[in-house]
Number of protein chains: 2
Amino acid sequence: MSVEFDQIVIEPAYRKVAAAIGERILDRSLREGERLPPETELARQFGVNRSTVREALRELESTGLVIRRAGSKRMAISRPQHDAVAEGVSRALVLHDVTYLEVWEALMILEPPIAEAAARERTPADLAQAVAAAGRFAADNTDTAQAAHHVAEFFRSICKAAHNQVLGLAQEPLLQLLEPSLRVMMDQVPQSRSRIEAAQRRLCDALRARDSDSARTWMSRHIRDFRKGFEVAQIDLQQRITS
Amino acid sequence: MSVEFDQIVIEPAYRKVAAAIGERILDRSLREGERLPPETELARQFGVNRSTVREALRELESTGLVIRRAGSKRMAISRPQHDAVAEGVSRALVLHDVTYLEVWEALMILEPPIAEAAARERTPADLAQAVAAAGRFAADNTDTAQAAHHVAEFFRSICKAAHNQVLGLAQEPLLQLLEPSLRVMMDQVPQSRSRIEAAQRRLCDALRARDSDSARTWMSRHIRDFRKGFEVAQIDLQQRITS
DNA sequence: AAAGGTCGGTTTGTCGGACAATGATACGAC
DNA sequence: GTCGTATCATTGTCCGACAAACCGACCTTT
């Protein structure tokens, strides 16, 4: 006859307020773009002080459920932007001592199927965007930082063509973590640029021809190349990533 | 001679404070478990009001960088927990009208390679945990909610065996989104339980034998089965997931 | 009538101070 | 040493206040 008691949880008011508002956003009672009521009004409705409401708002803000539109006072309901969410994921991974190897492995798993799906699902517009992204990388011969960014953008354009948000959001943190090391690699290994350029060209071709097999294969090589580049640039794959 | 002006960004103090503290956590000046200075002390150091500090803390709290340890007053530095981060991802996906099909596709891409890696990398302890998870699923014949949870736990144990945090964090939102629909499926399609049980057994065998090919194959079938189950249970795959 | 200027009301960002509740801690009793 | 107690420190919440800036309406000018 041992009675089990549930752990008693004491939730501060600011958390309850945040939860209440958050729920209304999740269930779409509050729709995107709509403006939130003024803080004083919220305080009145919830029967708490404005300071408490503000603490709740900060929580929602950092979750991305509400956003302060640039140069605007009132906060607006919003859907969390993918890059912001991914940044949280990246931070978590960095703090958990994720290694370059782990990121590379994940890329190796994710990207080829993404390319395959992209070749299958792409629209003409998707293709154009991928080609444009590849073009921007090829055009920019000077700034490595910019070039690394272009590489990430190319991946994004491919993933966009796959028309699967889940994949996009899974991929994003990887790109964020990859970018700094790409810079280093392209600085140390100049010939990597032309290899990347070639892979991008082949991938564009595969997308154009809707050739999933070729897309998968080239993406595979592309990612494998990164690893080789890292090794040549003497980036220790076992090393943890310092954002 | 058109001069481009950078967009002027005005950052509120609470955001700056949050960024400052966050940075110190990221660069490990503040280590995990360490306790944060009192709010008044922080307010003094930053030269702002305590209310402002508190708003910043709420932001850090919801990012998971600081945490209120249960039954403790002072806030402590922490690393964002994977499940909390993943919850943010799930929320984002739900709000962006992700469909069951998208989640299923992502699972189909992620899980087989994960199983493959798990068979290769698993330690004896990993194997034991996977077997135990499978056992818990097989044992619980009554409560569907619990059973769905066990299924997710089995996936987690497999992924843990792969020893790659990135994959774990990529997988987690999928599991969170999957679980409710699994409940529905197991309610509607009673025979799905035995199919799942069989797949889990085969996967455990593959892990035991370190047979990556078999692991990949069975995981593939396992995930494909889910889709079939959904169809039999008349869950429309094109439908958006309502968490 | 469209573009630009003025003006008052609203809302936010920040501040100061206040107080109750409750962990944390030191201290004395046993 | 362990226990109970008193004191302190810190957080959660409240109140009231004010400047800055945005918003919207109204007015002027061409």
Side-chain angles (χ1 to χ4, degrees), chain A residues 5-22 24-25 30-78 84, chain B residues 5-25 30-78:
Chain A
F5 286 104
D6 288 343
Q7 183 156 2
I8 169 172
V9 284
I10 38 158
E11 258 194 334
Y14 63 77
R15 185 169 291 286
K16 285 188 193 160
V17 170
I21 300 179
R24 293 288 288 278
I25 299 177
L30 294 168
R31 272 161 310 176
E32 186 186 4
E34 213 167 308
R35 279 180 313 181
L36 216 53
E39 295 171 352
T40 41
E41 172 62 15
L42 288 172
R44 195 191 57 73
Q45 287 186 29
F46 285 109
V48 301
N49 192 272
R50 186 161 82 100
S51 311
T52 305
V53 169
R54 284 181 64 80
E55 293 188 33
L57 287 181
R58 293 299 86 76
E59 187 161 331
L60 293 169
E61 192 180 2
S62 89
T63 339
L65 289 181
V66 307
I67 200 172
R68 252 180 356 168
R69 274 185 295 212
S72 167
K73 212 139 210 126
R74 301 273 290 273
M75 305 259 281
I77 311 298
S78 96
Chain B
F5 285 104
D6 288 342
Q7 184 157 1
I8 170 171
V9 284
I10 39 157
E11 258 196 333
Y14 63 79
R15 183 171 292 288
K16 285 187 194 160
V17 171
I21 300 178
E23 198 179 333
R24 293 287 288 277
I25 300 177
L30 295 168
R31 273 161 309 175
E32 186 186 6
E34 211 166 311
R35 281 180 313 181
L36 216 53
E39 296 171 351
T40 42
E41 172 61 16
L42 288 172
R44 196 191 57 74
Q45 287 186 28
F46 285 110
V48 300
N49 192 272
R50 185 161 81 100
S51 312
T52 306
V53 169
R54 283 181 64 80
E55 292 188 36
L57 286 182
R58 292 302 84 77
E59 188 161 328
L60 293 169
E61 194 180 2
S62 89
T63 335
L65 289 180
V66 308
I67 200 171
R68 251 187 354 194
R69 275 186 293 209
S72 165
K73 212 143 200 114
R74 303 272 290 273
M75 306 259 281
I77 311 299
S78 102

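The sequence lines fix the lettering, A, B, ..., with proteins before strands; numbering per chain opens at 1.
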query: Excluding sequence neighbours, so at least two apart, what forms salt bridge (charged side-chain N to carboxylate O under 4.0 Å, His left out) with Glu55(A)?
result: Arg54(B), Arg58(B)
- request: Could I get the full list of salt bridge (charged side-chain N to carboxylate O under 4.0 Å, His left out) partners for Arg24(A), not counting sequence neighbours?
  value: none
task: Let me know the distance between CD1 of Ile10(B) and C1' of dA20(D), rounded to the nearest Å.
output: 10 Å
- request: Could you tell me, to 10°, how much the axis swings from one end of the helix from dA1(C)-dT30(D) to dC30(C)-dG1(D) to the other, five pairs per end?
  value: 20°
- request: Can you tell me the distance, in whole Å, between the CG atom of Leu57(B) and the C1' atom of dT10(D)?
  value: 12 Å
Length of the CG-C1' vector between Leu42(A) and dT11(C), whole Å: 12 Å
field: Exceeds 12 heavy-atom contacts within 6.0 angstrom, atom CD of Glu23(B)
entry: no
- line: Arg44(B) CZ to dG17(C) C1', in whole Å, measures 19 Å
message: Return a single string for nucleotides 12-18 of chain D, one symbol per nucleotide in 5' to 3' order, where B is base contact, S is sugar-phosphate-only contact and - is none, cutoff 4.0 angstrom on heavy atoms.
response: BBSB-B-
- prompt: Should Lys16(B) and Glu11(B) count as an ion pair when the cut-off is N to O under 4.0 Å?
  reply: no
- prompt: What distance do Glu32(A) atom CD and Ile67(A) atom CD1 have between them, rounded to the nearest 0.5 Å?
  reply: 9.5 Å
- prompt: So, do Leu57(A) and Leu36(A) sit near enough that their side-chain heavy atoms are less than 4.5 Å apart?
  reply: yes
- prompt: Listed by chain and number, what are the salt bridge (charged side-chain N to carboxylate O under 4.0 Å, His left out) partners of Glu34(A), not counting sequence neighbours?
  reply: Arg31(A)
query: With Arg44(B), which residues qualify under salt bridge (charged side-chain N to carboxylate O under 4.0 Å, His left out), at least two apart?
result: Glu41(B)
